[in-house]
Amino acid sequence: MNAKRSSIADRLLDWYDAHGRDLPWRAKRGEAPDPYRVWLSEVMLQQTTVAAVAPRFREWTERWPSVDALAAAPDEAIMAAWAGLGYYARARNLVKAARAVAAAGGFPRTEAGLLELPGLGAYTAAAVAAIAFGERAVVVDANVERVVARLFAIQTPLPAARPAIRAATDRITPDTRAGDFAQAMMDLGATLCTVRKPRCLLCPLRESCTAYAEGDPARLPVKAAKKAKPRRHGTIFWLERREGARSVWLVRRPDKGLLGGMRALPTGPWVDASPALAAAPAAINWRMLGGQVEHGFTHFNLTLALAVGRGEAQGEGEWWPVADLAAAGLPTLFAKAARAVLGEDEDGSMT
DNA sequence: AACGCGTGGTC
DNA sequence: TGACCAAGCGT
């Protein structure tokens with residue numbers, strides 16, 4: 001059978017066997033995959049780059065080598081360990097899922113069962129079912145959407161094109177090695193069939209690719225226009241106590257919403273106009289620092305003024321030794337603000 | 001169905 | 001250099 005007649009899946013799997021990436025969560029050839037590592041890596045990789053995840057995955061699995069170990073850990077330790085990775089609902093759901101799995105004595109072994117776990121949606125349930133358990137599941141992430149939209153020259157803009165893309169992916173998914181097929185599609189999307197400047201001359205599927213034949217594969221997939229990001233303003237309060245080791249007042253953010261459940265510096269409301277001292281955690285004389293902190297979220301940009309003061313705190317929170325702030329597990333926004341206050345910021349994010 | 005939800009890299 | 005984007009999920 002020549003290359004032209006062999007299936008897309010066959011050619012892709014041959015390419016994967018020769019050129020697939022060596023990633024820390026992938027089982028070595030001939031070894032059985034560990035569902036815990038597959039699940040953890042898939043959750044970490046949701047909307048997060050391989051480069052960002054790799055070191056965090058290694059640290060995490062060294063500290064908590066099994067789902068039972070993770071299930072036994074305190075919430076606070078898990079949330080702090082997730083700090084900096086973003087999308088903190090993933091960590092909240094990770095805790096719940098780990099305890100459900102530990103209580104059940106193991107992971108569900110089917111796509112439908114996995115879909116019941118918190119934090120596993122259509123993509124992750126299919127990926128874990130295929131990669132960890134060998135089920136023939138149809139795995140569609142942003143890489144697969146791009147590859148498939150180009151292979152079949154699907155012109156419909158995303159997200160309206162999703163049903164057609166899923167159906168096309170189903171048609172080319174093999175009955176065996178569905179997990180390798182999914183990982184191969186993602187490797188292809190990450191290394192050759194990239195958003196900009198795809199390297200079509202190296203692509204094992206070039207002969208089957210309609211977008212390549214038509215001459216401008218980078219044009220696909222078409223995407224709906226995005227809304228402009230508003231800018232909001234707020235104040236971060238850096239409160240130190242007067243006595244004892246140098247300590248700063250930290251609060252825990254509400255479980256739902258932005259940065260939910262994470263340790264944080266107190267903030268006032270985030271509003272459209274300029275900041276004020278509303279909602280300060282102490283009625284003291286605050287000193288406003290000259291610089292501001294800029295931070296971008298998915299759906300808005302934030303400019304934060306920094307108020308510094310000394311005194312007794314009001315409300316719930318804890319005094320945290322400044323020397324040990326790295327262990328508090330602050331989300332990047334607050335870590336950035338702390339650096340600015342402590343004058344450790346050399347890269348110009350103070351404006 | 002559209003929106004809320006983080007962060008860092010890329011060009 | 002700011003806009004775009006990444007192994008999406010929950011509501």
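Atoms considered below: every heavy atom in the structure, side chains included; atoms not considered: hydrogens, waters and symmetry mates. Throughout, protein chains are lettered first and strands after them, A, B, ... in sequence-line order, and every chain is numbered starting at 1.
- Paired with A:Leu239 under the rule side chain to side chain contact (heavy atoms under 4.5 Å, CB included), one option of A:Leu250, A:Ile284, A:Val248 passes, and it is A:Ile284.
- In summary, the side chains of A:Gln155 and A:Arg219 do present a donor paired with an acceptor at a separation below 3.5 Å, with no hydrogens or angles considered.
- Taking atom C1' in both B:dC5 and C:dC5, the straight-line distance is 16 Å, to the nearest Å.
- To the nearest angstrom, C1' of B:dC5 lies 14 Å from CG of A:Leu85.
- With rounding to the nearest 0.5 angstrom, the CG atom of A:Asp141 is 8.0 Å from the CZ atom of A:Arg146.
- Between A:Phe297 and A:Trp270, the ring planes are parallel. Angles under 30° get that label, and only those over 60° would be called perpendicular.
- The shortest distance between the side-chain N/O atoms of A:Tyr87 and the OP1/OP2 oxygens of B:dG4 is not below 4.0 Å.
- For the pair A:Arg196 and A:Gln47, nearest-nucleotide mapping onto DNA chain C gives the more 5' position to A:Arg196.
- Residue contacts for A:Ala182: at a heavy-atom cut-off of 4.0 Å it reaches no nucleic acid atom on any strand shown.
- A:Ala142 comes within contact range of the sugar-phosphate backbone alone, with a heavy-atom separation under 4.0 Å but no base atom that close.
- Counting to the nearest Å, the P atom of B:dC3 and the NZ atom of A:Lys226 are 13 Å from each other.
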Exercise. Decide side chain to side chain contact (heavy atoms under 4.5 Å, CB included) for A:Thr235 and A:Trp286; before the verdict, give the C-alpha distance in whole Å, the side-chain angles of both, and the deciding distance to 0.1 Å.
Key: CA-CA 11 Å; A:Thr235 305; A:Trp286 292 97; over 6 Å; no

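- When each of A:Lys227 and A:Tyr88 is assigned the nucleotide of DNA chain B with its nearest heavy atom, A:Lys227 is the one assigned upstream, toward the 5' end.
- Sorted by residue number, the list of members of residues 24-46 of chain A with any non-hydrogen atom under 4.0 Å from DNA chain B is empty.
- Per the geometry, CZ belonging to A:Arg92 stands 11 Å off C1' belonging to B:dG4, to the nearest Å.
- Annotation: B:dG6 and C:dC4 have their C1' atoms spaced 15 Å apart (nearest Å).
- One atom, CD of A:Glu294, and another, P of B:dG6, lie 19 Å apart when rounded to the nearest Å.
- Residue A:Pro118 is classed as a sugar-phosphate contact, given heavy-atom separations below 4.0 Å to backbone atoms only.
- The line from CH2 of A:Trp319 to CD of A:Glu312 is 6.0 Å long, rounded to the nearest 0.5 Å.
- Summarising the geometry of A:Ala153 relative to A:Ala211, their closest heavy-atom pair is CB-N, 4.2 Å, with the distance given to 0.1 Å.
- To the nearest 0.5 Å, the span separating CG on A:Leu120 from CD on A:Gln46 amounts to 7.0 Å.
- Across all strands shown, A:Gly84 has heavy atoms under 4.0 Å from sugar-phosphate atoms exclusively, and none from any base.
- In the 5' to 3' direction, nucleotides of DNA chain C lying under 4.0 Å from heavy atoms of chain A begin and end at C:dC5 to C:dG10.
- Nucleotide B:dG4 holds its P atom 10 Å from the CZ atom of A:Phe300, rounded to whole Å.
- A gap of 14 Å separates the C1' atoms of B:dA1 and C:dC9, to the nearest Å.
- Within the structure, a side-chain polar atom (N or O) of A:Thr332 is placed less than 4.0 Å from OP1 or OP2 of B:dT7.
- Rounded to an integer number of Å, the gap from NZ of A:Lys223 to P of B:dA2 is 16 Å.
- In terms of phosphate contacts, A:His299 brings a side-chain nitrogen or oxygen within less than 4.0 Å of OP1 or OP2 of B:dC5.
- Taking the ring centroids of A:Trp60 and A:Trp82, they lie under the 6.0 Å cut-off.
- Contact annotation for A:Leu23: base contact, defined as any heavy-atom pair under 4.0 Å involving a base atom.
- Between A:His19 and A:Trp15, the ring planes are tilted. Angles from 30° to 60° get that label.
- Within a 6.0 Å sphere centred on CZ of A:Arg199, other residues, nucleotides and ligands contribute 12 heavy atoms or fewer.
- Rounding to whole angstrom units, CG of residue A:Leu330 and P of B:dG6 are separated by 15 Å.
- As judged by a 4.0 angstrom heavy-atom cut-off over every strand, A:Leu120 is placed among residues touching the sugar-phosphate backbone only.
- Of the two residues near DNA chain B, A:Lys229 and A:Lys197, the one whose nearest nucleotide lies more 5' is A:Lys229.
- Comparing A:Met186 and A:Asn93 by the nucleotide of DNA chain C whose heavy atom lies nearest to each, the residue mapping closer to the 5' end is A:Met186.
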